[in-house]
Participant: 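Below is a structure I'd like to ask you about.
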Amino acid sequence: MTSRADLLRLRRLAHAIDGDREATPADVARRMLAVQAQDFAAGSWALGVRTEGATRADVLADLDAGRIVRSWPMRGTLHFVPPEDLRWMLGVTTGRMIAGLAARHRQLELDTPDFARARDIVVEALSGGGRIGRAELMELWEANGIATAGQRGYHLIYYLAQTGLVCWGPTLRTQQALVLLDEWAPQSRQLEPDEAWGEFLLRYLHGHGPATVKDFVWWTKGTVAGAKTARAVLGDALTTLEVDGVEYLLTAELADRAAGHPETRSERDAVQLLPAFDEYLLGYQQRDLVLDDEHFQRIVPGGNGVFQPIVVARGRVVGTWRRGSATLDIESFAPLTAAQERAAERAGAGYRRFAG
């Protein structure tokens, strides 16, 4: 029987917040497959904290070079993803996502001709290396007789991204510009449907494991049947462990790596300052392994869906933090040990180096 502490150590190693880090933000995106990024600044730190010391400028450089793109690969949520993986991910998720929006599209009076016209305008405007900001695209559509008010514009962009026409690419002011996916990221992996399900599960576990089948189905907004197909495709590449009577999946590679890398004292005392909406907390349907129910309101005040930056010690969420005018303000649920206080100071220095 594996303990909760053992499971959380495996997760920290998979997430690259303990043990070996990645060299670049783009390497983190490949490791995680998808990093939640509806909050651009928070998503940038999620990439940075998992590297050996990348800065925000390094994240922006990878975005500007097309080594990372941002889109809605699943769950209707923006993620940073590797450009070569986005198309096959959409091939798995798009049908269910678009079908699930049919009622909302009717409410907004958006139908096939609207999407086709919006698509034609975007292709004409961006072909040949063009790029456009969100506000400018809304103005362009309005000038061509397509109303964008009342979330119509958002749903038009989402549809065109979900169907593989556009993605968020190079930086523009404080966010990103839309570009044609085929031009910005022409190289793409081609996977058969069963192979794609297997790759989805393998990559999820590579950056998030151990996790349950329910976690994976929730993360992808996929199906249990798809998860079963994925397990069959992967075979011996996966192994399992049991904690409190629950089966968790993980890659055989992670199990071997953890076995050959005993936990060090510095890892036991380590404290991570993770961003809002970080995958370490949001990458799973079940979150009680890392966060006590009594503290949930501290992480999501008012239950409004806006997650706060989190302090993690020994794999558990033990507080929140925020950037002050000159320092980082940490509010822990219980006093930290002296070693953890020092580790939190080092983590804060790492964030300040990242942010510049």
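No hydrogens, no waters, no symmetry mates; every other heavy atom, side chains included, goes into these values.
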Participant: Any chance the side chains of E22 and T51 put a donor and an acceptor closer than 3.5 Å?
Facilitator: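 The criterion, which ignores hydrogens and geometry beyond distance, is not satisfied for T51 and E22.
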Participant: Using ring centroids (six-membered ring only for Trp), state whether F216 and H208 fall under 6.0 Å.
Facilitator: no
Participant: Taking atom CD of Q297 as the centre, report whether more than 12 heavy atoms of other residues, nucleotides or ligands fall under 6.0 Å from it.
Facilitator: yes
Participant: Starting from the C-alpha separation in whole Å, work towards a yes-or-no answer on side chain to side chain contact (heavy atoms under 4.5 Å, CB included) for T174 and F40.
Facilitator: CA-CA 9 Å; T174 59; F40 185 83; over 6 Å; no
Participant: Can you check whether V179 reaches C167 side chain to side chain, under 4.5 Å on heavy atoms?
Facilitator: yes
Participant: Taking all non-hydrogen atoms of both residues, which atom of T251 and which atom of T239 are closest, and how far apart?
Facilitator: O-CG2, 4.2 Å
Participant: Evaluate the criterion salt bridge (charged side-chain N to carboxylate O under 4.0 Å, His left out) for residue pair R189 and E199; output intermediate values, then yes/no.
Facilitator: CA-CA 11 Å; R189 300 179 64 195; E199 183 72 3; 2.6 Å; yes
Participant: Is a side-chain N or O of D58 found less than 3.5 angstrom from the main chain of T24, in a donor-acceptor match?
Facilitator: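 Looks like no, no N/O pair under 3.5 Å.
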Participant: Could you pull out the closest heavy-atom pair between E183 and G128, with the gap in Å?
Facilitator: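 Heavy atoms only, the tightest pair is OE2-N, 2.8 Å.
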Participant: For D120, is there an ion pair with R117 - N to carboxylate O distance below 4.0 angstrom?
Facilitator: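 Salt bridge: no.
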Participant: Which value, rounded to the nearest 0.5 Å, describes the distance between H206 atom NE2 and R31 atom CZ?
Facilitator: 5.5 Å
Participant: Are there more than 12 heavy atoms of other residues, nucleotides or ligands under 6.0 Å from atom CG of D293?
Facilitator: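 Open.
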Participant: Would a hydrophobic clustering, with Ile, Leu, Val, Met, Phe, Trp and Tyr connected at side-chain separations under 4.5 Å, put Y158 with M89?
Facilitator: no
Participant: Tell me whether R322 contacts the main-chain N or O of T320 through its side chain, where contact means a donor paired with an acceptor under 3.5 Å.
Facilitator: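 Pair absent, no side-chain N/O of R322 close to backbone of T320.
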Participant: What about L234 and M32, same hydrophobic cluster or not, with Ile/Leu/Val/Met/Phe/Trp/Tyr joined at side-chain heavy-atom distances under 4.5 Å?
Facilitator: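 No, no single cluster joins them.
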Participant: Report yes if the side chains of L33 and V81 come closer than 4.5 Å at any heavy-atom pair, otherwise no.
Facilitator: no
Participant: Is it possible for you to check whether R152 lies under 6.0 Å from the centre of the six-membered ring of W141, through NZ or CZ, and within 45° of that ring's axis?
Facilitator: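 Verdict for W141: no cation-pi partner in R152.
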Participant: Side chains of R96 and T223: closer than 4.5 Å at any heavy-atom pair?
Facilitator: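 SC-SC contact between R96 and T223 confirmed.
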Participant: Check E247 with R231, please: is the shortest side-chain N to carboxylate O separation under 4.0 Å?
Facilitator: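 Counted as a salt bridge, because a side-chain N and a carboxylate O are separated by less than 4.0 Å.
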Participant: Between CG of L328 and CZ of R323, what distance do you get to the nearest 0.5 Å?
Facilitator: 7.5 Å
Participant: Go through it in stages, so that I can follow the logic: the residues are Q36 and R75, the test is side chain to side chain donor-acceptor pair (under 3.5 Å), and I'd like the CA-CA distance, side-chain angles, deciding distance and then a yes or no.
Facilitator: CA-CA 10 Å; Q36 199 149 322; R75 300 201 319 274; 2.7 Å; yes
Participant: How far apart are the closest heavy atoms of R257 and L13, and which atoms are they?
Facilitator: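 Scanning both residues, the minimum pair turns out to be NH1-O, 3.7 Å.
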Participant: If we count only N and O atoms by modelled type, under 3.5 Å, do the side chains of D194 and T229 hold a donor and an acceptor together?
Facilitator: no
Participant: Report the distance from atom CH2 of W168 to atom CZ of R131, rounding to the nearest 0.5 Å.
Facilitator: 13.5 Å
Participant: So, E136 and R173, do they make that salt bridge, N to O below 4.0 Å?
Facilitator: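 Counted as a salt bridge, because a side-chain N and a carboxylate O are separated by less than 4.0 Å.
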Participant: Any sub-3.5 Å donor-acceptor pair from D215's side-chain atoms to T212's backbone N or O?
Facilitator: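 The answer is yes, because a donor-acceptor pair under 3.5 Å joins these two groups.
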Participant: Looking at A276, is its backbone amide N or carbonyl O close enough to the side chain of Q308 to form a donor-acceptor pair, meaning the two atoms are under 3.5 Å apart?
Facilitator: no
Participant: Is it true that R87 and D182 have a side-chain N and a carboxylate O under 4.0 angstrom from each other?
Facilitator: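 Salt bridge present between R87 and D182.
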Participant: Return yes if some donor-acceptor pair links the side-chain N/O of D85 with the main-chain N/O of P82 below 3.5 Å, else return no.
Facilitator: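 Absent.
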Participant: Do R67 and W184 form a cation-pi contact, if we require the NZ or CZ to be under 6.0 Å from the six-membered ring centre and within 45 degrees of the ring's axis?
Facilitator: no
Participant: When you compare the side chain of R11 with that of I17, does any pair of heavy atoms fall below 4.5 Å?
Facilitator: no
Participant: Can you tell if the side chain of V122 reaches within under 4.5 Å of the side chain of L180, non-hydrogen atoms only?
Facilitator: yes
Participant: Does atom CD (Q285) have a neighbourhood of more than 12 heavy atoms from anything else shown, all under 6.0 Å?
Facilitator: yes
Participant: Can you list the steps and then say if W197 with L201 is a side chain to side chain contact (heavy atoms under 4.5 Å, CB included)?
Facilitator: CA-CA 6 Å; W197 273 114; L201 179 58; over 6 Å; no
Participant: Does the side chain of V271 reach to within under 4.5 Å of the side chain of V312, using non-hydrogen atoms?
Facilitator: no
Participant: Can you measure from CD1 (I157) to CG (L178) and round to the nearest 0.5 angstrom?
Facilitator: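 So the CD1 of I157 and the CG of L178 are separated by 5.5 Å.
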Participant: Inspect the surroundings of CD in E331 and state if more than 12 heavy atoms from other residues, nucleotides or ligands are less than 6.0 Å away.
Facilitator: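 Incorrect, the count does not exceed 12.
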Participant: Is the backbone N or O of E124 less than 3.5 Å from a side-chain atom of S127, with the two atoms forming a donor-acceptor pair by type?
Facilitator: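 No: the side chain of S127 does not pair with the backbone of E124.
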Participant: Distance check, rounded to the nearest 0.5 Å: D244 atom CG versus R4 atom CZ?
Facilitator: 4.5 Å
Participant: Is L181 reachable from F80 through a run of hydrophobic residues whose side-chain heavy atoms are each under 4.5 Å from the next?
Facilitator: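 No.
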Participant: Could you go through the side chain to side chain contact (heavy atoms under 4.5 Å, CB included) check for T240 and L250 one step at a time?
Facilitator: CA-CA 6 Å; T240 62; L250 69 160; 5.5 Å; no
Participant: Search all heavy atoms of G315 against all heavy atoms of L8 and return the closest pair with its distance.
Facilitator: O-CD1, 3.8 Å
Participant: Which value, rounded to the nearest 0.5 Å, describes the distance between T55 atom OG1 and F354 atom CZ?
Facilitator: 7.0 Å
Participant: For R287 and L281, indicate whether the former's side chain and the latter's backbone hold a donor-acceptor pair under 3.5 Å.
Facilitator: yes
Participant: Step through it carefully: locate the ring centre of W45, locate the ring centre of Y351, and say whether they are under 6.0 Å apart.
Facilitator: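 Yes - the distance between ring centres of W45 and Y351 falls below the 6.0 Å cut-off.
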Participant: Going by an N to O cut-off under 4.0 Å, is there a salt bridge joining D18 and R9?
Facilitator: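 No, no charged N to carboxylate O under 4.0 Å.
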Participant: Hey, quick one: are Y284 and V243 part of the same hydrophobic cluster, counting side-chain heavy atoms closer than 4.5 Å, chains of contacts allowed?
Facilitator: no
Participant: Examine distances only and state if a side-chain atom of Q176 and a backbone atom of G169 form a donor-acceptor pair shorter than 3.5 Å.
Facilitator: yes
Participant: Pair Q151, R104 - check side chain to side chain contact (heavy atoms under 4.5 Å, CB included), show working.
Facilitator: CA-CA 10 Å; Q151 288 200 324; R104 181 59 177 149; 2.9 Å; yes
Participant: Whether the side chain of T93 engages the backbone of P73 through a donor-acceptor N/O pair (distance < 3.5 Å, no angle test) should be reported.
Facilitator: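 Pair found, side chain donor or acceptor close to backbone of P73.
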Participant: Taking a hydrophobic cluster as the set of Ile, Leu, Val, Met, Phe, Trp and Tyr residues connected by side-chain heavy atoms closer than 4.5 Å, whether directly or through intermediates, do V28 and V49 fall within one such cluster?
Facilitator: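 Same cluster: V28 reaches V49 through Ile, Leu, Val, Met, Phe, Trp or Tyr contacts under 4.5 Å.
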Participant: Would R316 and D292 pass as an ion pair if we require N to O under 4.0 Å?
Facilitator: yes
Participant: For N304, does the CG atom sit with more than 12 other heavy atoms under 6.0 Å from it, leaving out its own atoms?
Facilitator: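 Enclosed.
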Participant: Carefully, step by step, assess W219 and Y204 under the rule ring-ring contact (aromatic ring centres under 6.0 Å, His included).
Facilitator: CA-CA 9 Å; W219 193 71; Y204 171 64; 4.7 Å; yes
Participant: If you compare all heavy atoms of Y159 against all heavy atoms of I98, which two are closest, and at what distance to 0.1 Å?
Facilitator: CD1-CD1, 3.6 Å
Participant: Can you pull the salt bridge (Lys or Arg N to Asp or Glu O under 4.0 Å) pairs that have at least one residue in residues 41-57, sequence neighbours excluded?
Facilitator: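 Applying salt bridge (Lys or Arg N to Asp or Glu O under 4.0 Å) to every pair that reaches into residues 41-57, excluding sequence neighbours, yields R50-D278.
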Participant: Less than 6.0 angstrom from the centroid, inside 45 degrees of the normal: does R134 satisfy that with respect to the ring of Y154?
Facilitator: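 Not satisfied by the 6.0 Å and 45° rule.
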Participant: Return the minimal non-hydrogen interatomic distance between P25 and V59, and the atom names on each side.
Facilitator: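 Closest approach of P25 to V59: CG-CG2, 3.7 Å.
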